[in-house]
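Report on the following structure.
Throughout, numbering of the chain's residues begins at 1 and tracks the sequence.
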Amino acid sequence: MGENLKWLWMAFSVAWILHIGYVVLLSRRTSKLERQLRHLGAQLTERRDDGP
């Protein structure tokens, strides 16, 4: 019984590590997209101000 609990705890730990890693990955991607959107918005505003 004790050996099974050890493996269960290991599997549980690995699952949580994967979940946390996934959340960190999504957070980084979101930050990158937000920066790109701000940059694009600034370019569009700049272009609109320089328009005909």
Side-chain angles (χ1 to χ4, degrees):
M1 180 77 170
E3 186 68 21
N4 288 339
L5 287 178
K6 176 183 166 186
W7 285 106
L8 180 64
W9 178 251
M10 286 177 149
F12 183 73
S13 298
V14 168
W16 270 105
I17 289 169
L18 289 173
H19 280 97
I20 291 169
Y22 184 65
V23 168
V24 169
L25 178 70
L26 286 179
S27 174
R28 286 183 178 179
R29 286 183 179 182
T30 301
S31 296
K32 182 178 177 182
L33 283 173
E34 287 174 347
R35 281 194 310 271
Q36 289 175 345
L37 282 172
R38 280 195 302 270
H39 182 69
L40 180 60
Q43 285 180 337
L44 289 173
T45 301
E46 195 175 290
R47 189 172 244 211
R48 193 177 314 140
D49 292 342
D50 293 342

Practice problem: For the residue pair Phe12 and Trp16, categorise the inter-ring angle as parallel (less than 30°), tilted (30 to 60°) or perpendicular (more than 60°). | Solution: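 Perpendicular.
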Quiz item: So do Leu25 and Arg29 actually touch side chain to side chain, heavy atoms under 4.5 Å?
Solution: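 A side-chain contact exists here, since the closest heavy-atom pair is under 4.5 Å.
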Self-check item: Contact check, side chains of His39 and Gln43, non-hydrogen atoms, under 4.5 Å
Solution: yes
Practice problem: Look up atom OG1 in Thr30 and atom CZ in Arg35, then write down how far apart they are to the nearest 0.5 Å. | Solution: 11.0 Å
Quiz item: How long is the gap from CG on Leu40 to CG on Leu33, to the nearest 0.5 Å?
Solution: 11.5 Å
Quiz item: Donor-acceptor pair, His19 side chain versus Ala15 backbone, under 3.5 Å?
Solution: yes
Quiz item: Would you say Ser13's side chain and Trp9's backbone share a donor-acceptor pair under 3.5 angstrom?
Solution: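 Such a contact is found between Ser13 side chain and Trp9 backbone.
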